[in-house]
Participant: 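Attaching a single structure in structure tokens format; questions to follow.
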Amino acid sequence: MKPSIPKGTRDFGPIQVNRRNYIFNTLRRVFVKYGYQPIETPVMENLSTLTGKYGEEGDQLLFKVLNSGDFLRKVKDEDYQAGNYKKMTFQISDKGLRYDLTIPFARYVVMNQNDITFPFKRYQIQPVWRGDRPQKGRYREFYQCDVDVVGSESLINEVELTQIYDEGFAALGVNVLIKINNRKILTGIAEAAGIPDQMMSMTVAIDKLDKIGMDGVKDEMRRKEIGEEAINTIEKILTINDLEELKSFFENSETGRKGIEELQTVFNYLEKIDLTNEIVFDITLARGLTYYTGTIYEVAAKDVKIGSIGGGGRYDDLTGMFGLKGVSGVGVSFGAARIYDVMEELDIFPDSTAEGTQLIFVTFDEKALDYAFDALQAVRKAGINAEIYPESVKMKKQMKYANSRKIPYVAVVGDNEMQAGEVALKNMKTGEQANVKVADLASKIKQ
RNA sequence: GUGGUUGUAGCUCAGUUGGUUAGAGCGCUGGUUUGUGGUACCAGAAGUCGCCGGUUCAAAUCCGGUCUUCCACCCCA
């Protein structure tokens, strides 16, 4: 049998895990700096927790977990005969893999509401699963790093999350464009165009602007049966990138005006802050997820062509679907897998993302192996990551191992060294070699 | 989910109109070098040509199916 792994999944070797951890650790430091605390939730959620939260499309992409035992027991014959797979899904499966971290978080908040002190700021770094068709930068299993705060309507949260984006990507060395919009402005546009009921289809069309152009967007809206007059109004509004100017269109849209006000507050705060990356108001930013109600974010890498590497927004009533009303939240997500791809393409991972072995002992014979073993214990005790080549095979082979592992120092042990209570310490980068007392080994390497 | 694309040694790939023992570079193993890696030279091992089936005297090559890869759409991180 030839081994294989499921479509859209990947193995991660030592280099990749080290690099991924580097990304996680870098982001984690930023999250903690802003007062966010970690939580984790199970890989599986009840299917009822997940379905209906991501739109019909999302439900299709959920991985369902087959019930244990006689899973066909509950299947109704009439549903089987009719080929009604959607109904049968719930008869053979009551669990699913998490699709994102936001819905499980909302569920967590509701379940633990009595123990949580609001506002609750949490971060969460865990894999999620989507039954999407894989392509580049698109996997069926990938990590997300989410930062959310619930139980506060203050726009300060929006400002801080923008800072976290800015600081996080700056710390990783990725140049990004952070785009901000507000769902209320999109609602305002729909109201100004006289099509408040078609706000969602309008939004989906607008979201594609930079991909298919204005004519494409107009075609798409026509296909969604949005009137010609409304389309003209929308087109006019979309050319505006100044919030003050936008106000004149929203005379009849209270929601729209509120959206402008909110964004202005956010930008006023942002002006007081030192920021590394470019942050722009983008009226065409829409985002698909249905639960956003206020500020929305999207982050694009500037130097690599790839889908968005982060996104998020405010949701006024995410916990409402689990029975806890009136808890507003806002959060953003870092797409770890894509960030990884971007950093790899730009070749900007630091040389040693690995906290690897610093010193290896190589030996000529069994006696030297014993001697080196004792020395090994001493340097480890002194805090050096060290290992020993466990067999005193040919020197060439041992050196080759040290070289391929990129271990910076090699301690060579033979008769001469043993007699003097030393090792021959070789710097693998420069090729220099000098004899060092075993007692001085750790301090020598720390320099 | 729709349309297309890809698969040959551990890796990256070549392989003519179907025709004998399927090649290269890198890597790997051994040697030049019985106290030394990264350079050089020499030698060697390694492939069910993704998988299943069909056409043919003959298939890596043609046809069908399937899995996988990547791309566009859809959607999204």
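Chain letters run A, B, ... following the sequence lines, proteins first and then strands; every chain starts at 1.
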Participant: Check the distance between B:A77's C1' and A:R20's CZ and give it to me in whole angstrom.
Facilitator: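 One finds 15 Å between C1' of B:A77 and CZ of A:R20, rounded.
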Participant: Determine the minimum heavy-atom distance between A:E45 and A:P104, stating which atoms define it.
Facilitator: OE2-CB, 3.4 Å
Participant: Output yes when at least one side-chain N/O atom of A:K396 is less than 4.0 Å from OP1 or OP2 of B:U36, else no.
Facilitator: no
Participant: Write down the partner of B:G64 under the Watson-Crick or G-U wobble criteria, each distance required to be under 3.5 Å.
Facilitator: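 Paired with B:C52.
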Participant: If you check every side-chain atom of A:M399, which of B:A77, B:G35, B:U36 has the closest atom?
Facilitator: B:U36
Participant: Picking from A:V176, A:V174, A:L177, A:N277, what satisfies side chain to side chain contact (heavy atoms under 4.5 Å, CB included) with A:K302?
Facilitator: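 Output: one option passes, namely A:L177.
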Participant: Taking only the P atom of each, what is the distance from B:U48 to B:A60 in whole angstrom?
Facilitator: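 B:U48 and B:A60 have their P atoms separated by 13 Å.
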Participant: Could you tell me whether the side-chain ring of A:F142 sits stacked on the base of B:A77, using a centroid cut-off under 5.5 Å and a plane angle under 30°?
Facilitator: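 Aromatic stack with B:A77 present for A:F142.
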Participant: Phosphate oxygens OP1/OP2 of B:U34: is one of them under 4.0 Å from a side-chain N or O of A:K397?
Facilitator: no
Participant: Tell me which nucleotide, if any, is Watson-Crick or G-U wobble paired with B:A22 when both distances must be under 3.5 Å.
Facilitator: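 The answer is none; no pair meets the criterion.
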Participant: Of the nucleotides B:C75, B:U36, B:U69, which one has an atom closest to the side chain of A:K7?
Facilitator: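 So the side chain of A:K7 is nearest to B:U69.
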Participant: Can you find an N or O donor on one side and an acceptor on the other, under 3.5 Å apart, linking the side chain of A:N403 with the base of B:G38?
Facilitator: no
Participant: Quick one: the side chain of A:Q135 and the base of B:U69, do they pair up donor-acceptor inside 3.5 Å?
Facilitator: no
Participant: Would the base of B:G35 count as contacting A:N416 through its side chain, where contact means a donor and an acceptor less than 3.5 Å apart?
Facilitator: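 Flag set: donor-acceptor pair detected.
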Participant: Under 4.0 Å: is that the gap between some side-chain N or O of A:K406 and OP1 or OP2 of B:G37?
Facilitator: no
Participant: Whole angstrom is fine here: how far is it from OH in A:Y389 over to P in B:G37?
Facilitator: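 A:Y389 atom OH is separated from B:G37 atom P by 14 Å.
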Participant: Roughly how many Å is it from CZ in A:F169 to P in B:A77, rounded to a whole number?
Facilitator: 12 Å
Participant: Between A:N385 and A:T357, is the side chain to side chain donor-acceptor pair (under 3.5 Å) condition met? List the steps.
Facilitator: CA-CA 5 Å; A:N385 300 342; A:T357 303; over 6 Å; no
Participant: Both distances below 3.5 Å, Watson-Crick or wobble geometry, any strand: find the nucleotide opposite B:U2.
Facilitator: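 Partner of B:U2: B:A72.
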Participant: Indicate yes or no: at least one non-hydrogen side-chain atom of A:R122 is less than 4.5 angstrom from one of A:D146.
Facilitator: yes
Participant: Rounded to whole angstrom units, what separation is found between the CZ atom of A:F364 and the P atom of B:G35?
Facilitator: 6 Å
Participant: Is it the case that the ring center of A:F169 lies less than 6.0 angstrom away from the ring center of A:F334?
Facilitator: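 Aromatic pair counts; centres sit under 6.0 Å.
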Participant: Ring-plane angle category for A:Y143 and A:F24, please: parallel below 30°, perpendicular beyond 60°, tilted otherwise.
Facilitator: tilted
Participant: Whole-Å distance between B:U68 P and A:Y139 OH?
Facilitator: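 Going from A:Y139 (OH) to B:U68 (P), I get 16 Å.
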Participant: What nucleotide, of B:G35, B:U69, B:U36, holds the atom closest to the side chain of A:Q433?
Facilitator: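 Between B:G35, B:U69, B:U36, the one nearest the side chain of A:Q433 would be B:U36.
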Participant: Classify the side chain of A:R133 versus the base of B:G3 as yes if they form a donor-acceptor pair under 3.5 Å and no if they do not.
Facilitator: yes
Participant: A:R138 has an atom CZ; how far is it from atom C1' of B:C70, in whole Å?
Facilitator: 13 Å
Participant: For the side chain of A:R338, counting heavy atoms from C-beta on, which of B:A77, B:C75, B:U36 is nearest?
Facilitator: B:A77
Participant: Looking at B:A43, which nucleotide sits across from it as a Watson-Crick or G-U wobble partner, both distances under 3.5 angstrom, or is there none?
Facilitator: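 Pair assignment: B:A43 / B:U29.
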Participant: What nucleotide, of B:A77, B:C74, B:U36, holds the atom closest to the side chain of A:K426?
Facilitator: B:U36
Participant: How long is the line joining CZ of A:R140 and P of B:U69, in whole Å?
Facilitator: 9 Å
Participant: How long is the line joining CG of A:D207 and C1' of B:A77, in whole Å?
Facilitator: 14 Å
Participant: Is there a donor and acceptor pair, one atom on the side chain of A:K400 and one on the base of B:G38, closer than 3.5 Å?
Facilitator: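 When only heavy-atom distances are counted, A:K400 does not reach the base of B:G38 through any donor-acceptor pair under 3.5 Å.
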